[in-house]
Amino acid sequence: MGIMEDVTIIPQPVGDSNKVDLVMNLVERPSGGFSAGGGISSGITNGPLSGLIGSFAYSHRNVFGRNKKLNLSLERGQIDSIFRLNYTDPWIDGDNKRTSRTIMVQNSRTPGTLIHGGDHPDHGPITIGRVTAGIEYSRPFRPKWSGTLGLIFQHAGARDDKGNPIIRDFYNSQLTASGNAYDDTLLAKLESVYTDSGDRSSTMFVFNVEQGLPVLPEWLSFNRVTARLRQGYEIGPARLLLSASGGHVEGNFSPHEAFAIGGTNSVRGYEEGAVGSGRSYAVGSGEISCRMFGPLEGVVFGDYGSDLSSGPKVPGDPAGARGKPGSGYGYGVGIRVDSPLGPLRLEYAFNDKQARRFHFGVGYRN
């Protein structure tokens with residue numbers, strides 16, 4: 001259950017030689033507490049401090065004494081603002097399939113720069129406001145396979161720098177699919193994940209399908225399919241990591257939900273979303289890493305990404321209005337340091353336009 005600090009079992013003899021009494025001493029961990037921290041938003045590319053985020057959270061790991069989890073968090077930056085409430089039952093009572101249930105409510109305001117970036121002298125940055133609520137059920141269904149089924153409602157729209165709803169950007173590209181200030185979507189979600197181990201020299205595959213359900217006429221109806229694959233190989237003292245991802249959306253969807261290509265977890269050497277914004281996408285990457293000394297690794301990498309000529313098919317064609325190329329590649333070198341949060345990545349990349357860029361990230365590349 002992960003909520004005990006110490007467990008000891010002490011056998012005690014009894015009169016019957018075929019029986020024994022077991023005395024169990026359990027010491028429970030502190031079940032709740034507050035925390036604070038910070039981070040960097042990947043959607044903000046300009047200004048040394050504009051991407052910094054501060055966070056505050058409260059968590060309880062043993063609600064009602066039944067190992068249920070409650071997490072309440074607030075993240076705030078100069079542009080970002082995210083409030084989350086998650087309630088998780090990691091093993092629904094009496095279920096022999098070990099099904100878990102998560103109920104989620106979220107209110108967020110995030111930069112729209114990935115799709116609608118490119119500041120104009122007379123206009124401030126665009127932000128995307130979302131109110132999301134949903135429920136998800138997850139369980140392992142085969143060795144190394146797990147699945148998630150969910151139903152999520154989202155109310156989302158764009159705002160100007162004063163917080164007022166807007167439906168077109170300064171390039172006159174539409175910001176909502178419905179033409180209203182906000183788009184409403186009820187999503188049915190199905191996700192399947194395969195992992196053969198937690199080691200980087202292993203296989204990971206994620207397949208995700210989302211279907212917009214037009215319960216009301218004004219709600220969006222679309223189908224989105226995405227997939228990610230990562231495969232690692234040990235080659236002597238070095239490790240080769242190959243990864244690929246892709247997706248497609250069919251139907252009526254919000255422009256800010258297009259696939260953004262370029263950036264730290266996509267095509268390095270480009271700013272976030274600078275390669276393209278498409279209805280479809282494909283990204284591939286190869287990395288060779290080698291241990292240098294202690295927790296330090298050296299990395300050589302190459303990335304390629306494309307919108308598969310689907311940029312003009314996004315409502316309003318925001319990529320075409322901004323002159324995004326639609327495809328591009330990047331390559332470079334980097335270092336990684338193991339940490340309790342995962343590897344800290346510092347990378348220096350060149351792209352096919354001969355531009356160069358530093359990238360900083362936490363955790364392995366998606």
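Values below: every heavy atom of this structure, side chains too, minus hydrogens, waters and symmetry copies.
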**Report entry** Criterion side-chain hydrogen bond (donor to acceptor under 3.5 Å, both in side chains) on N265 and R345, from CA distance to verdict
**Finding:** CA-CA 11 Å; N265 287 312; R345 300 159 43 200; 3.2 Å; yes
Query raised in the report: Among all residues two or more places apart in sequence or in another chain, which pass the side chain to side chain donor-acceptor pair (under 3.5 Å) test with D317?
Result: none
Requested in this report: For the residue pair Y331 and F350, categorise the inter-ring angle as parallel (less than 30°), tilted (30 to 60°) or perpendicular (more than 60°).
Outcome: parallel
**Report entry** Partner set under side chain to side chain donor-acceptor pair (under 3.5 Å) for N223, not counting sequence neighbours
**Finding:** Q211
Requested in this report: Please name all residues satisfying side chain to side chain donor-acceptor pair (under 3.5 Å) with T148, sequence neighbours left out, ordered by chain then number.
Outcome: S138
Query - Centroid separation Y58 to F56 less than 6.0 Å - result: no
Report task. Tell me, please, which residues at least two apart from Y87 pass ring-ring contact (aromatic ring centres under 6.0 Å, His included). Result -> none
Query - Crowding at CZ, R356 (>12 non-hydrogen neighbours, <6.0 Å) - result: no
Query raised in the report: Between the side chain of S100 and the main-chain N/O of P90, is any donor-acceptor distance below 3.5 Å?
Result: no
Query raised in the report: So do Q174 and P255 actually touch side chain to side chain, heavy atoms under 4.5 Å?
Result: yes
Query raised in the report: Does a donor on one side chain sit under 3.5 Å from an acceptor on the other, for D184 and Q154?
Result: no
Report task. Would you list the pairs meeting salt bridge (charged side-chain N to carboxylate O under 4.0 Å, His left out) in which at least one residue belongs to residues 85-98, sequence neighbours left out? Result -> R66-D93, K68-D89, D89-R101
Query raised in the report: Which residue pairs satisfy the ring-ring contact (aromatic ring centres under 6.0 Å, His included) criterion with at least one member in residues 242-267, sequence neighbours excluded?
Result: F259-Y281
Requested in this report: Using the salt bridge (charged side-chain N to carboxylate O under 4.0 Å, His left out) rule, collect all pairs that involve residues 250-269, keeping only residues at least two apart or in two chains.
Outcome: R130-E257, R224-E257, R268-E287, R268-D303, R268-E347
Query raised in the report: Of all residues at least two apart in sequence or in a different chain, which pass the salt bridge (charged side-chain N to carboxylate O under 4.0 Å, His left out) check with D338?
Result: R291
Report task. Please identify each residue that fulfils ring-ring contact (aromatic ring centres under 6.0 Å, His included) with F153, with sequence neighbours left out. Result -> W219
Query raised in the report: Can L241 and R230 be said to form a side-chain contact (heavy atoms from CB on, under 4.5 Å), step by step?
Result: CA-CA 7 Å; L241 187 65; R230 186 174 66 208; 3.5 Å; yes
Report task. Mind checking side chain to side chain donor-acceptor pair (under 3.5 Å) for H359 and listing every partner two or more places apart, or none if nothing turns up? Result -> T264
**Report entry** Residues N86, I103; criterion side-chain contact (heavy atoms from CB on, under 4.5 Å); working and verdict
**Finding:** CA-CA 6 Å; N86 279 44; I103 300 172; over 6 Å; no
Query raised in the report: Any salt bridge (charged side-chain N to carboxylate O under 4.0 Å, His left out) pairs touching residues 132-159, not counting sequence neighbours?
Result: E136-K189
Query raised in the report: Where do T203 and L229 land on the side-chain contact (heavy atoms from CB on, under 4.5 Å) test, with the steps shown first?
Result: CA-CA 8 Å; T203 303; L229 174 65; 4.3 Å; yes
Query - Intermediate values then yes/no, side-chain hydrogen bond (donor to acceptor under 3.5 Å, both in side chains), K69 and S59 - result: CA-CA 7 Å; K69 319 290 185 185; S59 63; over 6 Å; no
Query raised in the report: Pick from T127, I82, I128: which one makes a side-chain contact (heavy atoms from CB on, under 4.5 Å) with R109?
Result: T127
Query raised in the report: Backbone N or O of R279 within a donor-acceptor pair of the S310 side chain at under 3.5 Å?
Result: yes
Query raised in the report: Would R84 and Q106 count as having a side-chain donor-acceptor pair, cut-off 3.5 Å?
Result: yes
Requested in this report: Just grab all the salt bridge (charged side-chain N to carboxylate O under 4.0 Å, His left out) pairs involving residues 169-183, residues at least two apart or on different chains.
Outcome: D169-R322
